[in-house]
Amino acid sequence: MLDLRAINQNRFSRAKRLWTIANVLRLMAFAVGAYAVFQGDPPLHLPPVLFAITVAAELFQWRSDVIKTRSEALLRKLDLSRSFGMEVSAADRRDIMSDLPGEVRKRFAGSEVPDEYFTSPEPPGPRKAVENLVESAWYTKQQASMMVVVCFVLISLVTLVALATLIVASNEVATVSTRTTISKVVIAWLLLIFSLGMFRHAWTYYKLAERSERSYTAGVHLLRGEITEADALKQWYEYQIGRASSPLLPDWLWRLKRDDLNDAWQRASGR
């Protein structure tokens with residue numbers, strides 16, 4: 001048997017690493033371009049190098065998106081399986097295994113591992129499903145809200161560095177040609193905000209936090225009365241659609257806030 005939850009977390013981590021590499025390559029492309037601007041006669045090999053870095057960044061981003069899409073699909077099945085007590089089908093397991101490298105299969109192979117991802121003590125059914133939804137939506141909302149702040153802090157820092165560089169160049173640099181060159185680099189630096197998708201990520205993280213807040217509120221409301229399977233599934237699907245269309249939540253954020261979030265959830269839930 002395979003520990004599907006651990007496998008999926010591993011695949012999400014791989015998608016995040018590839019996403020990080022793609023952004024690092026975009027930064028490298030900017031650095032190479034800035035270097036070329038300051039060269040009176042740039043080397044002939046610079047354009048091919050820039051082209052190769054840009055293509056590599058897009059390939060890493062594409063592979064990250066592919067893995068994320070497949071991981072989100074499996075996560076949807078695992079969440080509903082854990083909530084309603086449904087087993088992941090043999091056909092789904094075969095599809096999962098066919099996409100895994102051999103070393104990953106060996107790493108997570110073994111006896112069936114209990115899925116303890118959620119803390120709800122309820123038996124499988126609509127009530128457990130909604131309790132799991134409330135828990136998942138709360139954690140996602142907290143992390144997505146933090147990422148909105150991170151994105152705007154990065155945007156502010158990039159903008160401040162650009163403005164400070166322009167002010168220093170206008171006051172300290174005497175030659176017009178050098179000031180013009182610095183202005184070009186500063187403009188390219190500001191374009192990094194759009195190249196790295198900072199505004200887009202800030203917006204999509206905000207929408208994810210908003211969607212998670214709605215799912216959390218709807219789930220809390222449902223828990224006050226009788227819950228039908230249709231109501232539970234509807235809320236889960238709406239939440240999962242919003243989660244699947246959002247950017248990845250970085251592993252470093254979870255490692256940084258994991259203990260604090262877990263403690264807050266356990267104390268508030270009395271578990």
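None of these values were measured; they are calculated from a predicted model.
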State the [atom1]-[atom2] distance between [X] and [Y], to the nearest 0.5 angstrom.
{"X": "N132", "Y": "Y239", "atom1": "CG", "atom2": "OH", "value": "11.0 Å"}
{"X": "K234", "Y": "L133", "atom1": "NZ", "atom2": "CG", "value": "11.0 Å"}
{"X": "L74", "Y": "Q9", "atom1": "CG", "atom2": "CD", "value": "10.5 Å"}

Counting only heavy atoms not in W254, do more than 12 sit closer than 6.0 Å to its CH2 atom?
yes
Check whether more than 12 heavy atoms from other residues, nucleotides or ligands sit under 6.0 Å from atom CZ of F84, and answer yes or no.
yes
Answer with yes or no whether the side chains of [Y] and [X] bring together a donor and an acceptor at under 3.5 Å.
{"X": "R11", "Y": "N8", "answer": "no"}
{"X": "T217", "Y": "E213", "answer": "yes"}
{"X": "Q235", "Y": "D231", "answer": "no"}
{"X": "S136", "Y": "Y216", "answer": "no"}

Nearest heavy-atom neighbours spanning A57 and A22:
O-CB, 3.4 Å
Evaluate the salt bridge (charged side-chain N to carboxylate O under 4.0 Å, His left out) criterion for residues E238 and R211: first the C-alpha distance (whole Å), next the side-chain angles of each, then the deciding distance (0.1 Å), finally the verdict.
CA-CA 8 Å; E238 288 181 358; R211 173 67 264 177; 3.8 Å; yes
Evaluation steps, side-chain contact (heavy atoms from CB on, under 4.5 Å), between C151 and Y205:
CA-CA 9 Å; C151 287; Y205 281 130; 3.9 Å; yes
Spell out, yes or no, whether W252 and L27 are grouped together once hydrophobic residues are joined by side-chain heavy atoms under 4.5 Å, including indirect joins.
yes
According to the interplanar angle, ranging from 0 to 90°, do the rings of F152 and F199 count as parallel (below 30°), tilted (30 to 60°) or perpendicular (above 60°)?
perpendicular
Name the orientation class of the two ring planes belonging to W19 and H201 (parallel below 30°, tilted from 30 to 60°, perpendicular beyond 60°).
tilted
Less than 4.0 Å between a side-chain N and a carboxylate O, is that true for D79 and R243?
yes
[Y] backbone acceptor or donor facing [X] side chain under 3.5 Å:
{"X": "K68", "Y": "A244", "answer": "yes"}
{"X": "K128", "Y": "E122", "answer": "yes"}
{"X": "S71", "Y": "I67", "answer": "yes"}

Please evaluate residues E58 and R26 with respect to the criterion salt bridge (charged side-chain N to carboxylate O under 4.0 Å, His left out), reporting the C-alpha separation (whole Å), side-chain torsions for both, the decisive distance (0.1 Å), and the verdict.
CA-CA 9 Å; E58 293 305 313; R26 292 186 180 107; 3.5 Å; yes
For R14, enumerate each residue passing the salt bridge (Lys or Arg N to Asp or Glu O under 4.0 Å) test, keeping only those at least two apart in sequence or located in another chain.
none
The single option from V220, L223, I227, L222 passing side-chain contact (heavy atoms from CB on, under 4.5 Å) against E131
L223
